[in-house]
Amino acid sequence: MSGPDVTMMFVVHNAFRRDLDRMRTAAQRADDPTVRATLRVGWATFSRYLTLYHMAEDEMQWPPMQAKLGDHRERRLTTDRGSQ
């Protein structure tokens, strides 16, 4: 059975994790005002793109997956964002 291509989902998730790791490392030097200012801008950008990504997921990825799962409730629960 062939499924949807979720390659980009994994790429984006890995990029978010990478960026969080970088911010975590930089936060160790948050006593430096320049680092703190850079972190503030970085977090605002990260947060904006994470929100946009989740909105796109909610609108384009999850509805087709849930429609395909139909009455398979136990499988649908794993895709239901409200159950997390």
Side-chain angles (χ1 to χ4, degrees):
M1 169 170 79
S2 86
D5 183 359
V6 293
T7 303
M8 285 308 298
M9 181 181 75
F10 288 118
V11 169
V12 171
H13 284 200
N14 288 337
F16 283 132
R17 285 187 195 97
R18 178 204 61 217
D19 290 350
L20 281 174
D21 285 341
R22 289 177 177 172
M23 283 189 276
R24 183 181 308 120
T25 299
Q28 295 172 359
R29 297 180 294 122
D31 54 331
D32 178 335
T34 303
V35 172
R36 195 168 41 253
T38 302
L39 281 168
R40 199 174 296 118
V41 171
W43 179 255
T45 302
F46 178 88
S47 178
R48 181 173 59 247
Y49 282 103
L50 182 63
T51 298
L52 290 171
Y53 174 76
H54 282 148
M55 288 170 55
E57 234 181 18
D58 290 345
E59 293 173 14
M60 297 186 306
Q61 181 178 355
W62 298 123
M65 290 176 80
Q66 289 178 331
K68 188 171 184 172
L69 292 172
D71 291 333
H72 299 283
R73 180 169 167 68
E74 62 281 350
R75 290 174 59 194
R76 278 193 68 174
L77 288 174
T78 62
T79 65
D80 184 2
R81 296 181 71 85
S83 69
Q84 294 178 349

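- The hydrophobic cluster containing Val41 does not contain Val35, counting ILVMFWY residues as joined when their side-chain heavy atoms lie under 4.5 angstrom apart, directly or transitively.
- For the side chain to side chain donor-acceptor pair (under 3.5 Å) test, no residue two or more places apart in sequence or in another chain qualifies with Arg48.
- Taking Ala27 as the reference, Leu39 meet the side-chain contact (heavy atoms from CB on, under 4.5 Å) condition, with sequence neighbours excluded.
- Within 6.0 Å of the CZ atom in Arg29, the count of heavy atoms belonging to other residues, nucleotides or ligands does not exceed 12.
- From Arg40, atom CZ reaches atom CE of Met23 across 13.5 Å, with rounding to the nearest 0.5 Å.
- Applying the salt bridge (Lys or Arg N to Asp or Glu O under 4.0 Å) rule to Asp21 yields the partners Arg24; only residues at least two apart in sequence or on another chain are considered.
- Scored by the side chain to side chain donor-acceptor pair (under 3.5 Å) test, Thr34 finds no partners at all (sequence neighbours excluded).
- The side chain to side chain donor-acceptor pair (under 3.5 Å) search around Asn14 returns Arg17, not counting sequence neighbours.
- Remark: Tyr49 engages no residue in a side chain to side chain donor-acceptor pair (under 3.5 Å) (not counting sequence neighbours).
- Interatomic distance, Leu20 CG to Trp43 CH2, rounded to the nearest 0.5 Å: 6.0 Å.
- Interatomic distance, Glu57 CD to His13 NE2, rounded to the nearest 0.5 Å: 4.5 Å.
- The distance from the CE atom of Met9 to the OH atom of Tyr53 is 5.5 Å, given to the nearest 0.5 Å.
- Under the 4.5 Å side-chain heavy-atom criterion for ILVMFWY residues, no single connected hydrophobic cluster contains both Trp62 and Phe10.
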